[in-house]
Amino acid sequence: RVRSNNCFTNLRQATQKQNQENKDLARNNKSGRTGVTFQVKSKKWRAYIYHNKKNIHLGLFSDVNLAISAREAAEAALFTHHTKVPPASK
C-alpha cells in the first residue's frame, strides 16, 4: 500500500470496524503480533481480540506461537475482511 497517495480513487470504502481490524503493529510490541502480550505476573502469553466494542480474552499460553495461533483463529472467525498478510510467527 502507498500511504502517500490518498487520492479518492486509491481509497477503499470501509467501516470503522474494518479500519480497526487493519491497524499496524504497535512499536513496543514484543510478540510480533497484534493481540498477543506477555503477562509478567503469570509468565504466560495472553491472546485477546477486540470485537464489537468488547475485549475478548482468548486464553493464556506458555508458548508465544500457541497464543499467536489462537489470535489468528479468532481473526478468521470474527473479522469481516483481511487486507493484510499476517507476519510470520517468531
Side-chain angles (χ1 to χ4, degrees):
R1 86 186 156 185
V2 180
R3 291 178 183 264
S4 62
N5 189 349
N6 287 328
C7 293
F8 188 74
T9 56
N10 289 333
L11 300 177
R12 64 177 169 80
Q13 195 169 21
T15 64
Q16 181 180 2
K17 180 183 181 315
Q18 290 170 327
N19 279 331
Q20 291 300 312
E21 292 171 4
N22 199 32
K23 287 196 311 190
D24 285 334
L25 190 63
R27 224 179 276 175
N28 62 347
N29 185 293
K30 303 284 189 253
S31 69
R33 195 73 169 98
T34 300
V36 177
T37 60
F38 187 72
Q39 300 292 295
V40 176
K41 211 173 202 182
S42 65
K43 295 186 172 115
K44 294 193 179 208
W45 293 92
R46 176 180 179 248
Y48 65 92
I49 194 164
Y50 193 73
H51 177 67
N52 287 339
K53 300 181 183 178
K54 292 185 181 170
N55 196 359
I56 302 170
H57 175 73
L58 302 173
L60 292 173
F61 303 88
S62 56
D63 182 49
V64 67
N65 292 319
L66 293 174
I68 290 171
S69 295
R71 168 63 189 213
E72 289 173 349
E75 284 178 7
L78 299 174
F79 281 4
T80 55
H81 77 297
H82 299 280
T83 58
K84 286 196 305 191
V85 176
S89 299
K90 283 186 172 181

First locate atom [atom1] of [X], then atom [atom2] of [Y], and finally report the distance between them rounded to the nearest 0.5 Å.
X     : Y     : atom1 : atom2 : value
Asp63 : Ser69 : CG    : OG    : 8.5 Å
Asn55 : Ile49 : CG    : CD1   : 9.5 Å
His51 : Ile56 : NE2   : CD1   : 6.0 Å

>> So, applying side chain to side chain contact (heavy atoms under 4.5 Å, CB included) with Phe38, which one of Arg46, Lys43, Lys44, Lys30 is it?
In response: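 The side chain to side chain contact (heavy atoms under 4.5 Å, CB included) with Phe38 is passed solely by Lys43 among Arg46, Lys43, Lys44, Lys30.
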> Between the main-chain N or O of Tyr48 and the side-chain N or O of Arg71, is there a donor-acceptor pair closer than 3.5 Å?
Replying inline: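 Looks like yes, one N/O pair under 3.5 Å.
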> Between the side chain of Ser31 and the main-chain N/O of Thr37, is any donor-acceptor distance below 3.5 Å?
Replying inline: no
> Closest heavy-atom contact between Trp45 and Val36?
Replying inline: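 Shortest heavy-atom contact: CE3-CG1, 3.9 Å.
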> Which ILVMFWY residues can you reach from Leu60 by hopping between side chains whose heavy atoms are under 4.5 Å apart?
Replying inline: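 Taking Ile, Leu, Val, Met, Phe, Trp and Tyr as members, Leu60 stands alone, with no cluster partners.
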>> My understanding is that only residues two or more places apart in sequence, or in another chain, count here; which of them pass side-chain contact (heavy atoms from CB on, under 4.5 Å) with Phe61?
In response: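 side-chain contact (heavy atoms from CB on, under 4.5 Å) check on Phe61 returns Ala47, Leu66, Ala67, Ala70.
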